[in-house]
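In what follows, a structure is listed as structure tokens, so that the remarks can point back to it.
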Amino acid sequence: MATPRLLLAVALDPMSASQRGRKYGELVGCLANEHVLYLFRPADSSRVVGLGNAPYTQLGWGPAVVLALFSQPKILGANSPKPPRVCKQFGQRNFSAFCGTDKLSDAKAAGWRLDKAALSTSLRREGKTITAVIQLGGVNYCWPVSSADFAAFGQELGWKHPSSITSETEQARCVRASGLPRPGKIKLKLEGGSVFSSFVAPNASPEGAWFGRTEPLFYRDPDL
């Protein structure tokens with residue numbers, strides 16, 4: 001599926017009266033990379049004189065109802081990956097915002113300056129701590145675990161070793177600490193009385209004394 005143009009979003013007024021005065025606006029998003037859409041709630045910018053629809057027309061933002069047309073998986077509140085940040089002076093105020101990776105050249109041509117480069121997710125494949133991976137919601141959810149815990153619980157809980165990530169697309173879809181999607185968790189009481197708790201893959205069926213399993217969380221597109 002071809003990527004729809006985010007300029008469709010211009011038809012929706014991002015600075016509507018219902019948003020003015022709010023600390024944060026409605027959910028929007030832009031491309032963190034070619035394979036992942038990054039969702040966020042922007043701070044209210046209605047008082048930034050001269051900004052207007054620039055985040056939508058120049059930085060590649062789109063509201064959730066438009067992003068529903070995109071085939072890329074969507075992540076909310078993730079530490080990585082993240083789109084680049086750009087900034088531009090509007091009167092006495094320096095305004096900084098996320099910019100879709102596909103719009104960075106256009107943004108620079110419109111007078112925006114690169115503030116922070118795009119952030120990707122790094123994987124640790126060996127050592128005392130490695131990256132565990134669970135596939136869900138079209139992304140690879142990643143978090144650090146001890147090599148000992150991976151050896152003891154990884155297979156039963158459906159964790160994948162980071163060496164299983166071999167393509168650029170799989171790497172681009174590696175996500176760390178997202179609010180959505182997010183795997184469910186499960187607990188196990190260990191000898192000595194301590195409790196081990198970690199993420200569990202949706203299709204895993206651990207046996208034995210595991211308890212307290214929670215459901216995974218997924219982003220749902222709004223109805224069109």
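Along the sequence shown, the residues carry numbers beginning at 1. Below, each value reflects all heavy atoms present in this structure, side chains not excepted, and no hydrogens, waters or symmetry copies. It should be emphasised that the depicted structure is a prediction, and the values quoted were computed from it without experimental measurement.
- Across every non-hydrogen atom of A32 and A118, the tightest pair is O-CB, 4.4 Å.
- H35 approaches R173 most closely through the heavy-atom pair O-NE, 3.4 Å.
- Counting heavy atoms from C-beta on, the side chains of K74 and L67 come closer than 4.5 Å.
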message: Quick one, L31 with L37, criterion side-chain contact (heavy atoms from CB on, under 4.5 Å). Give me CA distance, side-chain angles, the key distance, then yes/no.
response: CA-CA 4 Å; L31 287 172; L37 273 161; 3.6 Å; yes

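- Between the side chain of W112 and the backbone N or O of D106, no donor-acceptor pair lies under 3.5 Å.
- The side-chain heavy atoms of C174 and C142, taken from C-beta on, include a pair separated by under 4.5 Å.
- Every residue two or more places apart in sequence or in another chain was checked for a ring-ring contact (aromatic ring centres under 6.0 Å, His included) with F218, and none qualifies.
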field: Verdict with supporting geometry, F150 and W143, ring-ring contact (aromatic ring centres under 6.0 Å, His included)
entry: CA-CA 11 Å; F150 190 95; W143 78 102; 8.7 Å; no

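- Nearest heavy-atom pair across P202 and P216 is CG-CG, 4.4 Å.
- Screening residues 83-92 for side-chain hydrogen bond (donor to acceptor under 3.5 Å, both in side chains), with sequence neighbours left out, gives R85-S96.
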- request: Kindly indicate, with the supporting measurements, whether the criterion side-chain contact (heavy atoms from CB on, under 4.5 Å) is fulfilled by F95 and L51.
  value: CA-CA 9 Å; F95 184 79; L51 179 63; 3.7 Å; yes

Which donor-acceptor pairs under 3.5 Å do the side chains of residues 129-141 make with protein atoms, sequence neighbours left out?
| unit_1 | atom_1 | unit_2 | atom_2 | d |
| --- | --- | --- | --- | --- |
| T131 | OG1 | R124 | N | 2.8 |
| N140 | ND2 | E170 | O | 3.0 |
| Y141 | OH | R182 | NH1 | 3.0 |

message: Assess the residue pair K103 and L59 against the criterion (side-chain contact (heavy atoms from CB on, under 4.5 Å)); give the C-alpha distance rounded to whole Å, side-chain angles, the decisive distance to 0.1 Å, and a yes or no.
response: CA-CA 6 Å; K103 290 291 184 178; L59 305 186; 5.7 Å; no

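- Cluster membership check: L123 does not share its hydrophobic cluster with V175, using side-chain heavy-atom separations under 4.5 Å among Ile, Leu, Val, Met, Phe, Trp and Tyr.
- Contacts of D115 classified as salt bridge (charged side-chain N to carboxylate O under 4.0 Å, His left out), with partners at least two apart in sequence or in another chain: none.
- S120 contributes atom OG, which lies 10.5 Å from atom CZ of R176 (distance to the nearest 0.5 angstrom).
- Of all non-hydrogen atoms in F199 and L157, the two that sit nearest each other are O-CD1, 3.8 Å.
- The main-chain N or O of H161 is found under 3.5 Å from a side-chain atom of S164 such that the two form a donor-acceptor pair.
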Donor-acceptor contacts, no H, no angles, side chain residues 183-196, under 3.5 Å, sequence neighbours left out:
none

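- With contacts defined as side-chain heavy-atom distances shorter than 4.5 Å, the pair I75/P181 qualifies.
- The heavy-atom pair separating G60 from C30 by the smallest distance is O-CB, 3.6 Å.
- A ring pair (Phe, Tyr, Trp, His ring centres under 6.0 Å) with W61 is found for one member of Y38, F98, F40 and no other, namely F40.
- Between the side chain of N33 and the backbone N or O of V36, at least one donor-acceptor pair lies under 3.5 Å.
- Taking every heavy atom of both residues into account, V86 and L114 meet most closely at CG1-CA, 4.2 Å.
- The side-chain heavy atoms of P63 and L27, taken from C-beta on, include no pair separated by under 4.5 Å.
- Under the 3.5 Å distance criterion, the side-chain polar atoms of S45 are left unmatched by any main-chain donor or acceptor of V48.
- Counting heavy atoms from C-beta on, the side chains of S198 and W159 come closer than 4.5 Å.
- Judged as a side-chain hydrogen bond (donor to acceptor under 3.5 Å, both in side chains), the pairs with a partner in residues 200-216 (not counting sequence neighbours) are, in order, E156-W210.
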- request: Evaluate side-chain contact (heavy atoms from CB on, under 4.5 Å) for V145 paired with F153, printing each intermediate quantity in order.
  value: CA-CA 10 Å; V145 299; F153 308 115; over 6 Å; no

